Amino acid sequence: MSFKSLGLISQLLEAVNKQGYSTPSPIQEKTIPIILEGKDVLASAQTGTGKTAGFTLPMLQILSQTQKKKYRPIRALILTPTRELAAQVHNNVKDYSAFLNLRSTVIFGGVNAKPQISTIRRGIDVLVATPGRLLDLENQKALSLARVEILVLDEADRMLDMGFLRDIKKIIGLMPRQRQNLLFSATFSKEIKQLAQGILHKPVLVEAEPENTTAEKVNQKTFRVDKGDKINVTIKLITDGDWKQVLIFTRTKHRANRLSEKLQKAGISSAAIHGNKSQGARTKALAGFKSLDIRVLVATDIAARGLDIPLLPHVINFELPNVPEDYIHRIGRTGRAGASGEAISLVDVDELEYVRGIEKILGETLSSEIIEGFEPTDKPSQSQPDSNNRNRNQRRRPKNSGEGKANNWRNKNRRRNR
Ligand code: AMP
């Protein structure tokens, strides 16, 4: 399958070629022709599947083929949950529209709105935005959504998790009823289905990969440890395994900072990324992590959302998320697009309950191991049923896993420029 056979025009083929992509990813094969037909799409796809090009390429084609000459109202709106994702999506939009006469921009909070407003005033075709700043600027009459023809909700599940439902509804009310809607989500909860029902018109359902693929290609392990040993276990895993690029998740900003400091004290370069960090600090941390100058990035769930870090070999859940779906998002950061990766969860006695919830949505039991020298002795803070221990702990040292295997569509087809 080639991009040409999907019906893309030459300017887009040229742009795709310039990116070094030779073959469409599975999600792109499915979404591009459907979107070009003008249909609504409900797609299940995680970051790393190539979903952004999956909706951006056909969207740009439609816009360029129906372009009105002088006047440029906002004709396409891409909503994303986080600033990082908005910036990344906009970079893709710019890359893919390099040979088209279309203008785009991105707006998000935390930075001065004035330059954003003046860019929009000059006329743009595609707007990438986070919901809060978009509504701010709309309230100030700095922009109008009255001519939007295509709406994309990217990472819709995360937008709902972050409490953007009301904002999304408000935004929808500002757009014409007649429009094409594309909803991308990593998970399909009841809430997402409800949202989709309210927004999409006869959507075509697209799945990036059969269910459970993420779980299959990620080597998942849990280590039963005491809460107080987690930092030392983390240091041991990274040092013994000589891991060069590790993403670690904590539940709170405070713990992200603390862990990052402890790692640095242990001689492991590290940065924390979370909602209290300025945009500049987040961008700097991410750049350092991508270029391997920083070995460990410690992140909270929300901050990590949408980070574009291809082929991450190691993810550590320093603390398990209390929402099981977040576990899927987290481990989706490793073993992406077909490559293998390792996701390790450090589980203390109070988190056994979370493991159960995760196993339920995964439909499988996670292997549980104990690290020599760090045998757990802790008692539950609240009373926990005996069955939590499950008698399936094995005494084994952690094995170091290999780096991601280069056997996926992206590695085969793309000149990597990291
Ligand atoms: P996404 O899932 O949209 O975040 O994309 C993940 C990564 O895959 C991005 O770095 C894209 O540049 C890259 N990518 C998207 N489509 C292709 C393709 N057809 N071939 C190779 N790489 C791609």
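In listed order, ligands and their atoms are each counted from 1. Quick caveat: nothing in here was measured; it's all calculated off a predicted structure.
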Polar-atom distance check: Tyr96 versus ligand 1, any N or O pair below 3.5 Å? no

Thr49 N/O under 3.5 Å from ligand 1 N/O: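 Yes, since at least one N or O of Thr49 sits under 3.5 Å from an N or O of ligand 1.
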
Below 4.0 angstrom from a heavy atom of [X], which ligand 1 atoms are there? Numbered from 1 as shown, please.
X: Phe3; answer: 19 (N)
X: Ser25; answer: 19 (N)
X: Gly50; answer: 1 (P), 2 (O), 3 (O), 5 (O), 15 (C)
X: Thr52; answer: 1 (P), 3 (O), 4 (O)

If we set the cut-off at 4.0 Å for heavy atoms, which region of Gln28 has an atom near ligand 1: side chain, backbone, both, or neither?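 The side chain, only.
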
Heavy atom under 4.0 Å from ligand 1: found in Phe184's side chain, backbone, both, or neither? neither

Is [Y] close to [X] at the side-chain level, that is, under 4.5 Å between some pair of heavy atoms?
X: Pro33; Y: Leu6; result: yes
X: Arg295; Y: Ser270; result: no
X: Leu127; Y: Leu143; result: yes

Centroid-centroid under 6.0 Å between Phe184 and Phe55 rings: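 Yes: the rings meet the under 6.0 Å criterion.
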
Ring geometry between His314 and Trp243 (parallel below 30°, tilted from 30 to 60°, perpendicular above 60°): parallel

With a 4.0 Å cut-off on heavy atoms, is Thr23 in contact with ligand 1?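 Judged by the 4.0 Å heavy-atom criterion, Thr23 does count as contacting ligand 1.
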
Using salt bridge (Lys or Arg N to Asp or Glu O under 4.0 Å), reason through Glu351 and Lys230 one step at a time and then give a plain yes or no. CA-CA 13 Å; Glu351 293 175 308; Lys230 283 191 175 185; 2.6 Å; yes

Should the heavy atoms of other residues, nucleotides or ligands under 6.0 Å from CZ of Arg251 be counted, would the total exceed 12?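 Atom CZ in Arg251 is packed in, count exceeds 12.
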
